[in-house]
Amino acid sequence: MVETYINKCLDSLILDDERLMDLLEVIIVNDGTPDRSAEMSREYVKRYPGTFRQIDKDNGGHGSVWNMGLKEAYGKYTRFLDSDDWLENLDKLVENLENCDADLVMTHTICHCPGDELWKQEVKDMEFGHMYNADTFDWLGNHSHNNIIFHHSCTYKTEMFRQYLPLFLEKQPYDDVILGAAPIIGAKSLVAFDIVLYHYLMDREGQSISPEVQRRNMRASILVHKQVIEFVEAHPVPAESSKLVYFQKKLPKMYNSVYKAFEQIPYNERKTIHKEWDSWVKQRNPKLRTMWITLYRCLPYRAFDWVKKRIIS
């Protein structure tokens with residue numbers, strides 16, 4: 001239930017420095033929640049009317065909340081915060097953003113894993129405070145591109161995303177997968193700050209990352225992968241940009257990931273959906289060949305499973 005976490009989440013957005021607090025805009029989107037969280041969050045609007053505002057809407061899912069927030073935001077920068085997560089050092093981020101003009105801003109994230117284990121998702125191999133040109137940046141390097149697809153580590157210039165609205169699929173799980181592509185395509189510059197900002201609560205009961213939920217949501221997973229592939233193809237990057245090399249490597253892996261994900265579903269359940277996906281791939285990219293595509297087309301379904309278990313794994 002959201003009401004279990006909402007106070008901790010919103011408390012983390014209150015700054016002691018009034019000047020910095022005045023620079024913040026906190027948009028709370030109530031997506032038709034059935035619990036008391038909307039009532040609880042309205043108290044923050046009453047206490048801090050110059051910073052907090054709340055939008056109440058019918059349930060449309062996670063993606064519709066983020067689309068609404070982007071549409072309503074007037075601040076220079078936007079970052080997404082789920083109701084069961086929280087921030088620290090927000091004052092340090094705001095201070096750094098005052099004199100920043102980068103399209104994409106990277107910071108560190110703390111992941112709270114089951115059993116109270118903590119894992120730090122760090123921004124690595126970047127000079128903190130240095131402005132990088134997005135068209136010459138080494139997106140395939142062994143550093144920040146892993147953080148960029150991890151949206152908890154990112155703050156985005158608001159206008160960069162407005163051109164793509166509605167950016168997120170609505171009423172679909174995994175809608176945030178698009179953030180592995182849109183910021184890279186849209187950004188002209190990026191910077192990293194040595195700040196631990198986001199606390200991500202992992203593996204909460206019912207989260208869409210759990211194996212059982214992923215299995216139930218396989219069709220949704222296919223939809224969001226299609227969205228990313230179509231988005232990248234609809235917004236081609238310049239041939240001289242380093243982004244092109246990144247997506248030439250990235251897209252085949254995205255196709256592969258769907259073929260690989262079918263192993264979570266029993267044969268009788270997946271036969272139709274697997275065939276639909278392969279047909280879409282053939283129409284979209286008939287010349288594409290990868291190991292997983294070749295195996296599936298030569299040895300579909302049960303034989304494909306047999307090969308995976310004995311050769312690939």
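Heads up: numbering here begins at 1 and tracks the sequence.
Hydrophobic clustering of Ile, Leu, Val, Met, Phe, Trp and Tyr side chains at less than 4.5 Å, counting indirect connections, keeps M131 apart from F193. I184 and L167 fall within the same hydrophobic cluster, defined by Ile, Leu, Val, Met, Phe, Trp and Tyr side-chain heavy atoms under 4.5 Å apart, directly or through other members. I110 and M202 fall into different hydrophobic clusters, where Ile, Leu, Val, Met, Phe, Trp and Tyr residues are linked whenever their side-chain heavy atoms come under 4.5 Å apart, directly or through other members. Hydrophobic cluster membership is shared by I222 and F231, with clusters built from Ile, Leu, Val, Met, Phe, Trp and Tyr side chains linked at under 4.5 angstrom. Residues L97 and L20 are members of one and the same hydrophobic cluster, defined by side-chain heavy-atom contacts under 4.5 angstrom among Ile, Leu, Val, Met, Phe, Trp and Tyr.
The heavy-atom pair separating P183 from F161 by the smallest distance is CG-CZ, 3.8 Å. For the pair V228 and A181, the tightest heavy-atom approach, listed with the atom from each and the gap, is CG1-CB, 3.9 Å. Contact detail for S64 and G60: the closest heavy-atom pair is OG-C, 3.1 Å. Closest approach of H225 and S221 over heavy atoms only: ND1-O, 2.8 Å. When all heavy atoms are compared, the tightest approach of S83 to V2 is OG-CG1, 3.5 Å. Of all the heavy atoms in T290 and N256, the pair that sits closest is OG1-OD1, 2.6 Å.
At least one donor-acceptor pair under 3.5 Å links the side chain of S242 to the backbone N or O of F137. A donor-acceptor pair is defined here as one N or O able to donate and one able to accept, closer than 3.5 Å; no such pair exists between the side chain of D91 and the backbone of L15. Remark: the backbone N or O of K275 is not paired with any side-chain donor or acceptor of S279 at under 3.5 angstrom. Listed for the Y5 side chain is no donor-acceptor partner under 3.5 Å among the backbone atoms of W86. At distances below 3.5 Å, at least one donor-acceptor pair connects side-chain atoms of K243 with backbone N or O atoms of A187. With S12 contributing its side chain and L87 its backbone, the two residues share a donor-acceptor pair below 3.5 Å. The backbone N or O of V245 lies less than 3.5 Å from no partner atom in the side chain of W139, so there is not a single donor-acceptor pair.
Counted within 6.0 Å of NZ on K226, heavy atoms from surrounding residues, nucleotides or ligands total more than 12; the atom is thus considered enclosed. The environment of E117 atom CD is sparse: at most 12 non-hydrogen atoms of other residues, nucleotides or ligands sit within 6.0 angstrom.
With rounding to the nearest 0.5 Å, the separation of CZ in R79 from OG1 in T155 is 4.0 Å. Distance check, rounded to the nearest 0.5 Å: OG1 of T4 to CG of D84 gives 10.0 Å. Atoms CD1 and OG, on I28 and S41 in that order, are 4.5 Å from each other to the nearest 0.5 Å. Between M106 atom CE and F150 atom CZ the span is 10.5 Å, to the nearest 0.5 Å. I195 contributes atom CD1, which lies 11.5 Å from atom OG1 of T109 (distance to the nearest 0.5 angstrom). Note that the CD atom of E233 and the CD1 atom of I229 stand 7.0 Å from one another [nearest 0.5 Å].
Side chains of Y255 and R284 form a contact here, defined as non-hydrogen atoms less than 4.5 Å apart. Proximity of S241 to Y246: side-chain heavy atoms (C-beta onward) are nowhere separated by under 4.5 Å. Between Y44 and I14 the shortest side-chain heavy-atom distance falls below 4.5 Å. The side-chain heavy atoms of K76 and T158, taken from C-beta on, include no pair separated by under 4.5 Å. Y77 has its side chain within reach of V105: a pair of non-hydrogen atoms, C-beta onward, lies under 4.5 Å apart. With a 4.5 Å cut-off on side-chain heavy atoms, V191 and C100 count as touching. Looking only at side-chain heavy atoms (C-beta outward), K157 and L104 stay at 4.5 Å or farther from each other. Between K57 and N30, the closest side-chain pair of non-hydrogen atoms is not below 4.5 Å.
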Could you walk me through whether Q227 and L223 pass the side-chain contact (heavy atoms from CB on, under 4.5 Å) check?
CA-CA 6 Å; Q227 182 204 16; L223 283 176; over 6 Å; no
Could you walk me through whether K120 and V196 pass the side-chain contact (heavy atoms from CB on, under 4.5 Å) test, one step at a time?
CA-CA 9 Å; K120 186 177 181 181; V196 173; 3.8 Å; yes
Pair V224-I178, side-chain contact (heavy atoms from CB on, under 4.5 Å): steps then yes or no
CA-CA 7 Å; V224 296; I178 190 64; over 6 Å; no
Can you check side-chain contact (heavy atoms from CB on, under 4.5 Å) on I185 and V232, steps first, answer last?
CA-CA 8 Å; I185 289 176; V232 172; 4.1 Å; yes
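Contacts classified as salt bridge (Lys or Arg N to Asp or Glu O under 4.0 Å) and involving residues 14-30 (residues at least two apart or in different chains) are given here: R19-E98, E25-R53. The salt bridge (Lys or Arg N to Asp or Glu O under 4.0 Å) pairs that include a residue from residues 163-175 number zero, where partners must be two or more places apart or lie in different chains.
Of the N and O atoms on the side chains of Y198 and D85, at least one donor lies less than 3.5 Å from an acceptor on the other residue. Residues S153 and Q121 have side chains that never bring a donor and an acceptor to within less than 3.5 angstrom of each other. Judged by distance alone, the side chains of H199 and E88 do bring a donor and an acceptor atom under 3.5 Å apart. Y200 and D82 share no side-chain donor-acceptor pair at under 3.5 Å.
Legend: residues meeting ring-ring contact (aromatic ring centres under 6.0 Å, His included) with F128, ordered by chain and number and at least two apart, are H108. Scored by the ring-ring contact (aromatic ring centres under 6.0 Å, His included) test, F168 finds W66, F80 as partners (sequence neighbours excluded). Checked against ring-ring contact (aromatic ring centres under 6.0 Å, His included), W280 has the following partners two or more places apart in sequence or in another chain: W277.
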Would you tabulate the side-chain donor-acceptor contacts of residues 45-52 under 3.5 Å, counting partners in other chains and residues two or more places apart, or write 'none'?
from	atom 1	to	atom 2	distance (Å)
T51	OG1	M21	O	3.2

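Using a cutoff of 4.0 Å between basic side-chain nitrogens and carboxylate oxygens, R42 and D56 are scored as salt-bridged.
Of the residues listed (N7, D35, T33), the one engaging M40 in a side chain to side chain contact (heavy atoms under 4.5 Å, CB included) is N7, and it is the only one.
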